[in-house]
There are 4 protein chains.
Amino acid sequence: MAPSSPTSTVVAGHDQSPAPASAIQTRFDQQQTKILARAAEVFCEKGYEGASMRDLSRASGMSLSGLYHYFESKEKLLYLIQKHTFSTIMESVLARLEGVRGPEERIRTLILNHLEYFLAHQQAMKVLSHEDDVLQNALGAEVAALKRAYYRILIGLLDDLKQSRKLDFSSRLSALSLFGMMNWIYTWYQPRVDADAAQLAGHMGDLFLHGICEPPRTRKIPRRQSTGSK
Amino acid sequence: MAPSSPTSTVVAGHDQSPAPASAIQTRFDQQQTKILARAAEVFCEKGYEGASMRDLSRASGMSLSGLYHYFESKEKLLYLIQKHTFSTIMESVLARLEGVRGPEERIRTLILNHLEYFLAHQQAMKVLSHEDDVLQNALGAEVAALKRAYYRILIGLLDDLKQSRKLDFSSRLSALSLFGMMNWIYTWYQPRVDADAAQLAGHMGDLFLHGICEPPRTRKIPRRQSTGSK
Amino acid sequence: MAPSSPTSTVVAGHDQSPAPASAIQTRFDQQQTKILARAAEVFCEKGYEGASMRDLSRASGMSLSGLYHYFESKEKLLYLIQKHTFSTIMESVLARLEGVRGPEERIRTLILNHLEYFLAHQQAMKVLSHEDDVLQNALGAEVAALKRAYYRILIGLLDDLKQSRKLDFSSRLSALSLFGMMNWIYTWYQPRVDADAAQLAGHMGDLFLHGICEPPRTRKIPRRQSTGSK
Amino acid sequence: MAPSSPTSTVVAGHDQSPAPASAIQTRFDQQQTKILARAAEVFCEKGYEGASMRDLSRASGMSLSGLYHYFESKEKLLYLIQKHTFSTIMESVLARLEGVRGPEERIRTLILNHLEYFLAHQQAMKVLSHEDDVLQNALGAEVAALKRAYYRILIGLLDDLKQSRKLDFSSRLSALSLFGMMNWIYTWYQPRVDADAAQLAGHMGDLFLHGICEPPRTRKIPRRQSTGSK
DNA sequence: TATGAATGAGTGTTCATTCAT
DNA sequence: TATGAATGAACACTCATTCAT
């Protein structure tokens, strides 16, 4: 999910504005919403390539041609799932951040928001994470832009933290590590075994912010300048 | 890569012993080695489902039926790539750990080994990470067992650290977070932009062990008991 | 066609009842009927294994995938041909038998019905006779059940004859011999050379009932107890 | 097995003469004999089309190329099996007939010989019966000629019977019916259930010669002129 | 609004066979 | 005497998609 070339300066612009940048439909009727949900399930289970339109047809209780009546292609379905998911998680985090002050708490807010959404929409989020590079050209670019915008939110929070605490670390590397940590959960999370989103967010927030142990007292040299462990 | 249900007690048993537990071929001639390498490339680029045997045939400069002369199925190719990759990274980390004392340094050793191997064999490692749940039945079980064994090595190192420093954190959660952090790099790593394996390992080791910032002095309450940030 | 293990007691139950026992489609539209007819021709000419779906596609003037729109597999096509053929010949013989009294005449009725149907639907009947053991599992079992039911009709007629005339012969052996005699015609029958169904039925009926010559007058010992000719 | 167009006048010429008409090999070494036997088994079980050269290779414990070292093609294998089987049964019946006088006993001899051979070499005989029309061109013609010769032996015996007893029936129809009766056994014969060859020959001989019951006394009209049962 | 009919291109896999050794 | 390597053609079947209704 985190972008490869985060050079964009887009920070928080996401298309819920009255004049959408994208010409693509963003409002869905009941049928479409149902199809998208089923499609997310199937893509989640079988992967985008592994899922056939017939699978989707079967899963949504609709004829093959019915699917095409609502959505013009398989690729568009993936695009819409990814875009909708991304837009929602973006809206959500931006709304939450408005009420939170303090860089650390703001980072924790993003983590919590991410994990809550992830666990509440595991299937869609897996599709987002796992089918990251499937979409090509314009469609792919649009999702990539959303991803970049989301990424830059975290970068901004990290920069704020660095500034306010006079710290020195790579925002890029830290952000990507944090996203990795969080997005990876789709490979292992088991609702019956693992903690809920809030607890998970607590653990991952602690881990990300302070690590699993205190740094050794004897080391006087600033930690962040090490270039390798030996 | 990290397993969902790490209940197995397998720790370090991996089949490089003279009498291999698995009946499956583990030695390859020149042709087979070449095919496996090309297949890893193609799987990496297009995904397992998205790659066709014809793609593999083209990439390896061999006829479609020629491929089947060497490997009985597409699934077996994926299996062999995954198994060989996992076996190698396992062997490697076990060998390195023998020369290292101190729980923290041992964890850093695993991180360094993982990232060095990951970057040196990016394609195979992406296939390992991304096509995690494709293999079914016996083949899938065998790879899953390797994964579990690898996972348990890290768990062991974390338990050692906890014990020696009287710490209290979830080994499972920490291990899975670390693997997520590391495995996610296949989605963003750019050789020309990002640091090399050693530096990356340094950064991720620091992050994992000590976080990005000092814990606040005022907090007297043990960190690890928080259940969320609010 | 005659079954190997006629232990079933099914006699005349065949699914033309309003509520069919089998869940499998038995009504076909025009296209399906045409495809089935062409398929029977091709199976007849090349054998089931020897006929490819492309052959069937060509013969029915329809694209390969079009075929699959109507029938889910090659096996199902064979099954439907066999089942339909068997059902029809069964219905037909049962209807005819209702109007006939006297064991000998009833046997002659079955022979006539069999041969008339055989010659009128040579291709389908060859497919029935020649591809006897191709179908596996449920599909094969269903056709085998029909075959057994048909076989048991003849057995019943023979038992009636034995009882009414105080004869002693093996119904099983006689029935299987008669079926062999009749079914074998697909290997030799030439419309321009050989007699029509009625004449053939007359000849085979005579042969089956009375043989090609009078038994020798000198032999007083009951014929049927011989255990070989020497 | 019985020929469609028995116009040939060949009666008993079969190629064991010092100067074989056919240029094709008829003597086999141990390896070849073994391969032919295994091939007959596999053809019997899976059918000619359904059996692959790899199946034959596996069954004969020899590499695929090994097979081609001994036999030039799959078709040739079928040809050799069919030819050898036919030649043997022909030789056998001719030898036996030399010692038997009386038309009826000679017919019974042919029946016994046929069934004994059939049951002793069920697999090869099924291949003969079932894969009747697979062979094309020269190879097919050669086997067809053997078949015709064998058929004409029976025709000769029937003509003798007709002449000596002043009977009137169709030799062709009777011969083909008898062959059908006998050859069909591959579809139903079960060693544990059914009688042995001698008993079977007795039953089928009786059936063929005298039918299952006495002709009705009241009928004065010569039996053989009926043209159907109604 | 919704679907059955239909298809060209493609899927993984197997085929009988050849050839160098 | 015997085989591993290699292949072009074919296999049954599925794909995403279109179109008339």
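Letters A, B, ... mirror the listed sequences (proteins, then strands); counts begin at 1. Basis for what follows: all heavy atoms, side chains included, without hydrogens, waters or symmetry-related copies.
Listed in residue order, the members of residues 38-65 of chain D having a heavy atom less than 4.0 Å from DNA chain F are D:Met62, D:Ser63, D:Ser65.
We find that CG of C:Leu78 is positioned 12 Å from P of F:dC13, with the value rounded to whole Å. In this entry the distance linking NZ of D:Lys74 with P of F:dA10 reads 15 Å, nearest Å. Taking atom CG of B:Leu67 as the reference point, atom P of E:dT13 lies 10 Å away to the nearest angstrom. When rounded to the nearest whole Å, the span between CZ of C:Phe71 and C1' of F:dA12 equals 16 Å. The distance from atom NE2 of D:His69 to atom C1' of E:dT18 is 15 Å, rounded to the nearest whole Å. Between A:Asp29 atom CG and E:dT1 atom C1' there is a gap of 11 Å when expressed in whole angstrom units.
Take D:Leu64 and apply the side-chain contact (heavy atoms from CB on, under 4.5 Å) test, not counting sequence neighbours, and it matches D:Met53, D:Arg54, D:Ser57. Under the ring-ring contact (aromatic ring centres under 6.0 Å, His included) criterion, A:His121 pairs with A:Tyr117, not counting sequence neighbours. B:Tyr68 meets the ring-ring contact (aromatic ring centres under 6.0 Å, His included) test with no other residue; sequence neighbours excluded. Shown here are the salt bridge (Lys or Arg N to Asp or Glu O under 4.0 Å) partners of B:Glu49, two or more places apart in sequence or in another chain: there are none. Checked against salt bridge (Lys or Arg N to Asp or Glu O under 4.0 Å), A:Lys126 has the following partners two or more places apart in sequence or in another chain: B:Asp133.
Between the side chain of D:Asp29 and the backbone N or O of D:Gln31 there is at least one donor-acceptor pair closer than 3.5 Å.
Sequence neighbours left out, the pairs with a member in residues 64-74 of chain C that pass salt bridge (charged side-chain N to carboxylate O under 4.0 Å, His left out) are C:Glu72-C:Lys76. Each side-chain hydrogen bond (donor to acceptor under 3.5 Å, both in side chains) pair with one or both residues in residues 36-46 of chain C, not counting sequence neighbours, appears once here: C:Lys46-C:Asp55.
Between the CZ atom of B:Phe43 and the CD atom of B:Glu131 there is a distance of 8.0 Å, given to the nearest 0.5 Å.
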> Dot-bracket for DNA chain F, 5' to 3', counting Watson-Crick or G-U wobble pairs under 3.5 Å, with [ ] for crossing pairs and | for inter-strand pairs?
Replying inline: .||||||||||||||||||||
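Closest contact between the side chain of A:Tyr68 and the listed nucleotides F:dA16, E:dG12, F:dT14 involves F:dA16.
Residue-to-nucleotide proximity on DNA chain E shows that, of B:Glu72 and D:Glu75, the 5′-proximal contact is made by B:Glu72.
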